[in-house]
Amino acid sequence: MKSQRALCLAGCSFLVIGALYAFQKPFRQYPSMEGYDEIALPPDFQEPSEWVFARLMYPEHPEGLFSPFGRRGRFGGGFNMDWREGFTSWTQDYPRADRHFAAAVRRLTRLHARSTEQPSNPDDLDDFFNWPWLAAGEMGDWKLTDAQCKTLREYLLRGGFLMLDDFWGAEEFARFDESMKRVFPERQVVDIDDADSIFHVVYDLDDRFQILGTWAMPGWGRGGGGGMWQRAVGTKAHWMGIYDEHQRIMVAISFNSDIGDSWEWADDPRYPQEMAALGIRIGVNDVVYSMTH
């Protein structure tokens, strides 16, 4: 009887996985803010897998400090770039960080991770709920619509997981919180206790420290000489979250750190090894936590 039940459960699992694959949108790639779209696709980029790095696509905040087409963005105002076509803030670190981290998940866990990422648009209701793990960066630049807030709320309450990263200081936190409060007006963003299992599910991460982006490293040539490093001056790293009613973390938040850069430049000898190692371990813990809680 036990073997029959196991076979039945396995068969049902294959049916569920097969149905999920049938409804997922195919892999697609957009222009990146980073300007390195020449990255070659891995030969197995279309291979089905247990886990996919899904990157949340989002509209630009008109006050965004690093939003490329916002009022104070790097190209000034007057642009009408469609965020759904890439080259806006949701593409920061993409796709290099995504693929490096997916490779790390393959190496450091038993998960069969897809080698390529999947941009996920919250307006595409036929596809959005097919990707149970989402990540996004530059959260001082997002501004969700009412419909997107509703969709993201439903996604998270259904069991989805969202990892947010790379926003700094009170001004950027306020822009982040503007949308987050519309997703969960009744839930608070709180500091995660060191004892929480998200810091221990794979790696014990009691000794966390601030992870800097290359833009904060003088001499790197990606902003260090242009004063962007001042964005990090005087800030303190916070590891924050939003919990559901069962004390499951739905949203894991890295405030005043740049985990995305630690993934993006993990293979560059100029980037500090200890920051790359911590960023990858935090991400691995988040992935495994999301699949077991």
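It should be emphasised that the depicted structure is a prediction, and the values quoted were computed from it without experimental measurement.
Considering all non-hydrogen atoms of both residues, Ala252 and Asp286 come closest at CB-OD2, 3.7 Å. Of all non-hydrogen atoms in Ser115 and Ala102, the two that sit nearest each other are O-CB, 4.2 Å. Contact between Ser120 and Phe128 at its shortest, heavy atoms only, is OG-CD1, 3.1 Å. The shortest non-hydrogen separation linking Trp131 to Ala54 is CB-CB, 3.6 Å. Closest non-hydrogen pair, Ala232 versus Ala216, comes out as CB-CB, 4.4 Å. What you find for Gln29 and Pro95 is that their closest heavy atoms are NE2-CG, 4.1 Å.
Arg106 has a carboxylate O that lies under 4.0 Å from a charged side-chain N of Asp44, or vice versa, which qualifies the two as a salt bridge. Between Lys150 and Glu154 no salt bridge is recorded (no basic side-chain N to carboxylate O distance below 4.0 Å). Taking the charged nitrogens against the carboxylate oxygens, Glu50 and Arg114 have no contact shorter than 4.0 Å, which rules out a salt bridge. By the 4.0 Å N-to-carboxylate-O rule, Arg84 lies too far from Asp124 to be salt-bridged with it. Arg187 has no carboxylate O lying under 4.0 Å from a charged side-chain N of Asp244, or vice versa, which leaves the two without a salt bridge. Ion pair Lys143/Glu178 flagged as a salt bridge, since at least one NZ, NE, NH1 or NH2 atom sits closer than 4.0 Å to an Asp/Glu carboxylate oxygen.
Judged by a 6.0 Å distance limit and a 45° cone about the ring axis, Arg96 is positioned over the six-membered ring of Trp265. With Trp90 as the aromatic partner, Arg55 does not meet the cation-pi criteria of under 6.0 angstrom to the ring centre and within 45 degrees of the ring axis. Taking the ring axis of Phe167 as reference, the NZ or CZ atom of Arg175 does not stay both within 45° of it and closer than 6.0 Å to the ring centre.
Cluster annotation: Tyr94 and Phe45 are assigned to distinct hydrophobic clusters (Ile/Leu/Val/Met/Phe/Trp/Tyr, side-chain heavy-atom contacts under 4.5 Å, transitive). In the hydrophobic cluster analysis, where Ile, Leu, Val, Met, Phe, Trp and Tyr join through side-chain heavy atoms closer than 4.5 angstrom, Ile253 is grouped together with Leu157.
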Problem - Residue pair Asp204, Phe199: steps toward the side-chain contact (heavy atoms from CB on, under 4.5 Å) verdict - result: CA-CA 6 Å; Asp204 287 320; Phe199 295 135; over 6 Å; no
Practice task
Assess whether side-chain contact (heavy atoms from CB on, under 4.5 Å) is satisfied between Leu205 and Ile282, documenting all intermediate values.
Solution key: CA-CA 8 Å; Leu205 299 176; Ile282 289 170; 3.9 Å; yes
Exercise for the section: In sequence, state the C-alpha distance, the side-chain angles, and the governing distance for Met250 and Leu162, and then conclude on side-chain contact (heavy atoms from CB on, under 4.5 Å). Expected result: CA-CA 6 Å; Met250 299 181 287; Leu162 177 62; over 6 Å; no
Exercise for the section: Check the pair Leu41, Phe27 against side-chain contact (heavy atoms from CB on, under 4.5 Å), reporting the backbone distance first and the verdict last. Expected result: CA-CA 11 Å; Leu41 282 175; Phe27 167 79; 3.4 Å; yes
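For the residue pair Glu60/Ser89, the side-chain donor-acceptor check at 3.5 Å is satisfied. No hydrogens or angles considered: a donor-acceptor pair under 3.5 Å links the side chains of Gln210 and Thr235. Side-chain contact check for Gln92 and Asp166: no donor-acceptor pair (N or O, by modelled atom type) lies under 3.5 Å. Counted by atom type alone, Trp168 and Asp258 present zero donor-acceptor pairs between their side chains at under 3.5 Å. Side-chain contact check for Tyr30 and Arg28: at least one donor-acceptor pair (N or O, by modelled atom type) lies under 3.5 Å.
Taken to the nearest 0.5 Å, the OG atom of Ser262 stands 7.5 Å off from the CG atom of Asp165. Rounded to the nearest 0.5 angstrom, Asp261 CG and Met275 CE are separated by 11.0 Å. Taking NE2 of His238 as the reference point, atom CG of Asp191 lies at 6.0 Å (rounded to 0.5 Å). For the atom pair Glu117 CD and Phe101 CZ, the distance stands at 13.5 Å (nearest 0.5 Å). The CE atom of Met33 sits 9.5 Å away from atom CG of Asp93, with the distance rounded to the nearest 0.5 Å. How far CZ of Arg208 is from CH2 of Trp239: 7.0 Å, rounded to the nearest 0.5 Å.
Proximity of a side-chain donor or acceptor of Ser179 to a complementary backbone N or O of Leu144 within less than 3.5 Å is detected. No donor-acceptor distance shorter than 3.5 angstrom exists from the side chain of Ser257 to the backbone of Ser254, with no hydrogens or angles considered. A donor-acceptor pair under 3.5 Å is formed between the side chain of Tyr289 and the backbone N or O of Ile249. Listed for the His61 side chain is no donor-acceptor partner under 3.5 Å among the backbone atoms of Phe176. Proximity of a side-chain donor or acceptor of His293 to a complementary backbone N or O of Arg248 within less than 3.5 Å is not detected. The closest donor-acceptor contact from the side chain of Gln118 to the backbone of Pro26 lies under 3.5 Å. Between the side chain of Ser197 and the backbone N or O of His200, no donor-acceptor pair lies under 3.5 Å. With hydrogens and angles disregarded, a donor-acceptor distance shorter than 3.5 Å links the side chain of Asn285 to the backbone of Tyr203.
Residues passing the salt bridge (Lys or Arg N to Asp or Glu O under 4.0 Å) test with Arg107: none are found, sequence neighbours excluded.
A heavy-atom distance below 4.5 Å is found between the side chains of Pro42 and Thr116. Tyr155 is listed as a side-chain neighbour of Leu134, based on a closest heavy-atom distance under 4.5 Å. The shortest side-chain heavy-atom distance between Pro59 and Gln148 falls under the 4.5 Å cut-off. Side-chain contact between Trp229 and Thr214 is absent, with no heavy atoms from C-beta onward closer than 4.5 Å. By the 4.5 Å heavy-atom criterion applied to side chains, Pro122 and Leu152 are not counted as neighbours. Under the 4.5 Å side-chain criterion, counting only non-hydrogen atoms from C-beta, Val190 is not in contact with Met240. Between Val251 and Tyr243, every side-chain heavy-atom pair lies at or beyond the 4.5 Å cut-off. In this structure, Asp127 and Asn130 have side chains that are in contact, with non-hydrogen atoms separated by less than 4.5 Å.
Within 6.0 Å of atom CD in Glu47, more than 12 heavy atoms from other residues, nucleotides or ligands are found, so the atom counts as buried in its surroundings. Environment of CD in Gln247: crowded, with over 12 heavy atoms of neighbouring residues, nucleotides or ligands closer than 6.0 Å. Applying the 6.0 Å contact sphere to CG of Asp268 captures more than 12 heavy atoms from other residues, nucleotides or ligands.
In this structure, Phe53 has its ring center under 6.0 Å from that of Trp133.
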